[in-house]
Amino acid sequence: MRTICLESHNIDNLFFGFGQFNYQLIKGFHKHSELLKAMNVQITLISKHPEKLEEEFGRTFSYKKYNSLQRIKLFRIKEKYHLWHSLNQNTKVEPFNTIPYLLTVHDVNFMEELVGNELHKRIKLFNDKLNRSHAISYISEYAKAMTHNYFKVPNVPEYVIYNGSSKPLEIPENHQPEFLPKGEFLFSIGEVLEKKNFHTLVKMLTNLPDLSLIISGKNTTDYAKDILKKVVDLQLQNRVFLTGKISEADKAYYLKNCYAFCFPSLREGFGIPPIEAMQYGKPVFLSDKSSLPEVGGKHAFYWDHFEPKYMADIFQNGMRIYNEDPNAYSQKLKQHANSYSWDDTAKQYLKVYESLLK
């Protein structure tokens, strides 16, 4: 039996991108349990709550309990797995021994976001991961290009494997979020950080008087406070709403019922929320920065800068195009979204595993 360890402890936080990536990829492996048997592979998952994973996935996997001490070199995991997969570039949990090692890179945004000692520590962590890698996977061509731009990448096999997208959640017909504005609303979601660029949507709304805006996601940041101040300054308290974290059912409701989905983010390694909106056939308006044009495709609409009147003009023109034949345009968006599949993503990773296990 060949053994693989997935450094997957971020699965315990499904409100963040790393957690969702870990969870959806592992679900994909679970669906291909017969293929795992045929490969003679046993996958071990690391989690703070392995009992919860075992309850969902049963004997498909083995489980190891996460302990924060495992981040310290002396207390690293000493089992000699045939392959170790580090599921993101930031985790500090590493194998004690030198064993075959696959690194998945989501982004190197820290090179543009951090300074001083924090940046130095992150660079060292990432270089250590690169230098012990026997193969590297990236979640987009953009993530690969930026890694090569900032770092000396070792001469090992490299793969671009796109994230998948889950099927739209079926919500009860009578489900309604606690908060629902009157009339048509725009929707966006993500942790309220400066790189998400949400404040540009608030300013844009001054030119779209008939629409409201909902921004969902963790909003305890200073940037969120700045946005709320801007809302007051622009007298938009009755039209702009930061909900904080929401349930999957509420997210599905907002995606299904919004007038359009807006995502002006400046730095995304992949960007799953626009794909989720497309699954409901919703028009999608994105920044043309980082991976978003690569992932969003030709049927999304793009802002190349963020002057409020310009953003509103792009939005109104895009909606005119969409509304010329909304049913046909919705089908194009759904078709594009469905090209991203966690089942396919899982299969591609299994092929990489097989090549490394040889």
Side-chain angles (χ1 to χ4, degrees), residues 4-8 10-11 16-26 28-29 83-94 100-114 119 122-166 190 195 263 265-275 286-297 336-337 339-357:
I4 302 173
C5 185
L6 268 58
E7 202 306 274
S8 53
N10 285 123
I11 198 172
F16 291 90
F18 288 153
Q20 281 294 325
F21 173 83
N22 291 8
Y23 178 67
Q24 297 297 344
L25 181 62
I26 287 166
F29 290 153
L83 175 63
W84 181 284
H85 185 180
S86 183
L87 291 180
N88 77 69
Q89 71 278 351
N90 294 338
T91 178
K92 296 179 182 179
V93 178
E94 301 281 25
Y101 187 99
L102 171 64
L103 170 64
T104 292
V105 178
H106 297 251
D107 61 66
V108 290
N109 289 342
F110 58 86
M111 294 299 296
E112 299 174 355
E113 295 172 353
L114 301 179
L119 176 59
R122 190 68 68 85
I123 289 173
K124 183 181 184 308
L125 173 66
F126 190 63
N127 271 323
D128 287 345
K129 284 180 170 292
L130 286 176
N131 292 331
R132 76 181 304 164
S133 295
H134 294 78
I136 304 169
S137 64
Y138 306 89
I139 66 171
S140 64
E141 293 287 354
Y142 167 77
K144 179 180 179 181
M146 292 301 287
T147 302
H148 279 264
N149 181 52
Y150 283 112
F151 293 91
K152 183 178 180 180
V153 178
N155 184 23
V156 297
E158 296 179 272
Y159 308 87
V160 173
I161 303 177
Y162 288 122
N163 290 347
S165 183
S166 305
K195 68 179 180 180
F263 201 65
S265 181
L266 300 175
R267 289 186 290 276
E268 294 291 329
F270 182 83
I272 288 179
I275 301 302
L286 309 173
S287 156
D288 71 345
K289 316 303 178 190
S290 66
S291 68
L292 291 177
E294 176 186 351
V295 173
H336 178 72
S339 69
Y340 297 98
S341 161
W342 282 112
D343 283 355
D344 290 343
T345 299
K347 285 182 180 179
Q348 290 180 66
Y349 274 105
L350 290 177
K351 287 182 180 179
V352 175
Y353 292 170
E354 186 65 50
S355 69
L356 291 170
L357 289 169

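Note that these values count all heavy atoms, side chains included, but never hydrogens, waters or copies made by symmetry.
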Exercise for the section: Output, in order, the C-alpha distance, side-chain angles, deciding distance and verdict of salt bridge (charged side-chain N to carboxylate O under 4.0 Å, His left out) for D128 and R132. Expected result: CA-CA 6 Å; D128 287 345; R132 76 181 304 164; over 6 Å; no

Problem - Residue pair N88 / F21, side-chain heavy-atom distance below 4.5 Å - result: no

Handout entry: Polar side-chain atom of S8 near backbone of I11 as donor-acceptor pair, under 3.5 Å
Key = no

Exercise for the section: Decide side chain to side chain contact (heavy atoms under 4.5 Å, CB included) for T104 and I139; before the verdict, give the C-alpha distance in whole Å, the side-chain angles of both, and the deciding distance to 0.1 Å. Expected result: CA-CA 7 Å; T104 292; I139 66 171; 4.1 Å; yes

Practice task
Look up atom CG in N131 and atom CZ in F151, then write down how far apart they are to the nearest 0.5 Å.
Solution key: 10.5 Å

Exercise for the section: For residues H148 and E158, determine if any side-chain heavy atom of one lies less than 4.5 Å from a side-chain heavy atom of the other. Expected result: yes

Practice task
Compare all side-chain heavy atoms of K129 with those of T91 and state whether any distance is below 4.5 angstrom.
Solution key: yes

Handout entry: 4.5 Å side-chain heavy-atom contact, K144 and E141
Key = yes

Exercise for the section: Grab the two heavy atoms, one from V93 and one from W84, that are nearest each other, plus how far apart they are. Expected result: O-CZ2, 3.7 Å

Practice task
Test V295 against L286 for side chain to side chain contact (heavy atoms under 4.5 Å, CB included), laying out the working first.
Solution key: CA-CA 10 Å; V295 173; L286 309 173; over 6 Å; no

Practice task
Check whether any side-chain heavy atom of Q89 sits under 4.5 Å from a side-chain heavy atom of D107, and report yes or no.
Solution key: yes

Practice task
Kindly say whether Y142 contributes a backbone atom to a donor-acceptor pair with the side chain of E294 at under 3.5 angstrom?
Solution key: yes

Handout entry: S291 side, atom OG; R267 side, atom CZ - distance, nearest 0.5 Å
Key = 12.5 Å

Handout entry: L87 and N10, any side-chain heavy atoms less than 4.5 Å apart
Key = no

Practice task
Apply side chain to side chain contact (heavy atoms under 4.5 Å, CB included) to I26 and Y23, showing your working.
Solution key: CA-CA 5 Å; I26 287 166; Y23 178 67; 5.9 Å; no

Handout entry: Geometric class of the Y340/Y162 ring pair [parallel <30°, tilted 30-60°, perpendicular >60°]
Key = perpendicular

Practice task
Using the six-membered ring wherever Trp is involved, compare the ring planes of Y353 and Y349 and label them parallel, tilted or perpendicular (cut-offs 30° and 60°).
Solution key: tilted

Practice task
Kindly say whether L103 contributes a backbone atom to a donor-acceptor pair with the side chain of S86 at under 3.5 angstrom?
Solution key: no

Practice task
Would you give the length of the straight line joining atom CG of N163 to atom CD of Q24, rounded to the nearest 0.5 angstrom?
Solution key: 9.5 Å

Exercise for the section: Hey, can you tell me if F110 and F126 have their rings parallel, tilted or perpendicular (30° and 60° cut-offs)? Expected result: perpendicular

Practice task
Side-chain contact test, heavy atoms from C-beta onward, threshold under 4.5 Å: evaluate it for P157 versus L356 and give yes or no.
Solution key: no

Handout entry: Under 3.5 Å donor-acceptor, E7 side chain and E94 backbone
Key = no

Problem - Derivation of the side chain to side chain contact (heavy atoms under 4.5 Å, CB included) call for M146 and M111 - result: CA-CA 10 Å; M146 292 301 287; M111 294 299 296; over 6 Å; no

Problem - NZ (K92) with more than 12 external heavy atoms under 6.0 Å - result: no

Exercise for the section: Report, as yes or no, whether the 6.0 Å neighbourhood of atom NZ on K347 holds more than 12 heavy atoms from other residues, nucleotides or ligands. Expected result: no

Exercise for the section: Using a 4.5 Å cut-off on heavy atoms from C-beta on, say whether the side chain of L357 contacts that of I4. Expected result: yes

Practice task
Verify, without hydrogens or angle tests, whether H336 (side chain) and I275 (backbone) share a donor-acceptor contact under 3.5 angstrom.
Solution key: no

Practice task
Mark yes or no for whether S287, through its side chain, and S265, through its backbone, hold a donor-acceptor pair below 3.5 Å.
Solution key: yes

